[in-house]
Amino acid sequence: MASILMVAGEGLPFIKTGGLADVIGSLPKALTDQGHEVKVVMPLYKKIAEKYMDDLYFDCEYSVSIAYHEVPVRVYSKMEGDVCFFFIQHQGYFERDTLYGYDDDGERFAYFQKAVIEMLNQLNYWPNIIHCHDWHTGMIPCMVKETHDNDARYRSIRFVYTIHNLAYQGNFGPEMLDSCLGLPYYLLDNGNVRFDGGISFMKSGILYSDKVTTVSPTYAQEILTPQYGEHLEAILNMRKYDLWGIVNGIDIDLWNPKTDPEIPYHFDKVNMDKQKKANKLALQRELGLEENPDVLLVGCVSRLTWQKGFYLLMEQLDALCAAPIQIAILGSGENQIENKFRELENGNKGKICFYYGYNESLAHRIYAASDLFLMPSLFEPCGISQLCSMRYGTLPLVRETGGLKDTVNPYNEYDKSGNGFSFENYNSNELINTLYYAIDVFYNRKDDWKMLQTNALNTDVSWANSAKTYSLLYDELMSNS
């Protein structure tokens, strides 16, 4: 069994902006169940410090060189079950109102990665494998291999790099190479880190890691093509024999309709029909929708961005408003989409509710109360929401891309199989036709709908199978070291 250090920009239960945090919150736990020793390291953000500082253990203090200055680092830790979480503290870099999106993001995460590399030495902690996640950690394999190769302790470490979303690559100016990363300029000249006139943290992670993974088998194939490769498809094709697609799971203890403290009425397969209706009535009351347990309630919990397919909905607003459904939308994102949903709600009070922002507690209630869950993504590396919705017997309606294609089996009216609905092309007519098809099944083929709900509840959305696949990956790396 392996000793693994996961390095990530965020993770539950401490902080979350997207699906990466869900993975960091639940995959380590699943891997410890497989017998591995797993630790996690992330920045100590403002919200973590405000909530947990009194519970953190101080581990060590040292400094790293950033912009030709020695910058202090403090490391704290906290046990979460069997998993130790380390936190890299620098108040100036990380104790800000949000996690990402600053002009100095390159410098901030160069500091974070350097601090992680030196942390191993300071704590005399030498994992077998460092598992890096997304662009925030992509330079770690490069820096270790290019600057620590004369140290046998670092040389023995193997690297796994997971792409959660290829669209966010950590691309910065070339001056970053020397000033913040302490790397020689010949890495620009030979192309190892060069990208679009500057450097790319993600390209570096792909090239320098021993294995590259992404979060579903279909997405692993899609990113080898120009359509989904985000200008990195040539690099990914160079590594395609080391590229694994491993679908995400969710924490089935956290997302559990039998015990979820965020929902008013608990249920399982036996009493699902009655209790989902009770949850629906409660949510309708909470959101100001017309109280009717028999209407088809469509839920949506998402970032409201182009990637998530909302421009398709914009093309079909009349058909959407005419449908015999209610819609509950939770999220925030692009102003154009937010404003359109506000207009939609104002013109359809009692039928459509748009809750701006993010509310984890409300998200649970939307998953539990809805009949159908909408996810018409342009691309979706894996997706967490469709897994959460199925856990609550809510049928996902998705576009067949990435992890959505791998996890949602469309309804087959002949053999009554399936756990949701799907459409193939990024086309608003296909979306609305599939929605109206689902509406017809809900109202006119009730036995089929109940069968689909049962299938959804029976779908294994846990980390168990995926953790076994990661174990195979780690074992292969260890046996080759």
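These numbers come from the heavy atoms of this one structure, side chains and all, not from hydrogens, waters or symmetry mates. All residue numbers refer to positions in the sequence shown, counting from 1.
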Looking at Tyr102, is Arg96 sitting on its ring face, NZ or CZ under 6.0 Å from the six-membered ring centre and within 45 degrees of the normal?
yes
Validate the cation-pi geometry between Arg342 and Tyr356: distance from NZ or CZ to the six-membered ring centre under 6.0 Å, angle to the ring axis within 45°.
yes
Does the distance from a Lys or Arg side-chain N to an Asp or Glu carboxylate O, for Asp242 and Lys211, drop under 4.0 Å?
yes
Ring centers of His90, Tyr111 separated by less than 6.0 Å:
yes
Are the side chain of Tyr470 and the backbone of Ala30 linked by a donor-acceptor contact shorter than 3.5 Å?
no
For Thr225, which residues count as a side chain to side chain donor-acceptor pair (under 3.5 Å) partner, sequence neighbours excluded?
none
Sub-3.5 Å donor-acceptor pair from the side chain of Thr394 to the main-chain atoms of Ser370, do we have one?
yes
Rounded to the nearest 0.5 angstrom, the OG-CD distance for Ser361 and Glu262 is 3.5 Å
Taking atom types as modelled, is there a side-chain donor on His133 or Tyr161 under 3.5 Å from an acceptor on the other?
no
Closest contact, heavy atoms only, Asp460 versus Ser462
OD1-OG, 2.7 Å
SB check Lys405 Glu380 (cutoff 4.0 Å):
no
Identify the heavy atoms of Val247 and Ser466 that sit nearest to each other, and give their distance.
O-OG, 2.5 Å
Can a donor-acceptor pair be found, under 3.5 Å and without considering hydrogens, that links the side chain of Glu95 to the backbone of Ala49?
no
Between Lys145 and Asp210, does any NZ, NE, NH1 or NH2 come within less than 4.0 Å of an OD or OE carboxylate oxygen?
yes
Show the atom names and distances, to 0.1 Å, of all donor-acceptor pairs under 3.5 Å that link a side chain in residues 35-43 to residues at least two apart or in another chain.
residue : atom : partner : partner atom : Å
His36   : ND1  : Ala2    : N            : 3.0
His36   : NE2  : Ser471  : OG           : 2.8
Glu37   : OE1  : Ser3    : OG           : 2.9

Do you know which of Trp135, Tyr168, Phe172 makes ring pair (Phe, Tyr, Trp, His ring centres under 6.0 Å) with Phe109?
Trp135
Glu10 with Lys16: basic N within carboxylate O range, under 4.0 Å:
no
Go through the steps for Asp82 and Lys29 under the test salt bridge (Lys or Arg N to Asp or Glu O under 4.0 Å), then give the verdict.
CA-CA 7 Å; Asp82 294 326; Lys29 188 162 58 171; over 6 Å; no
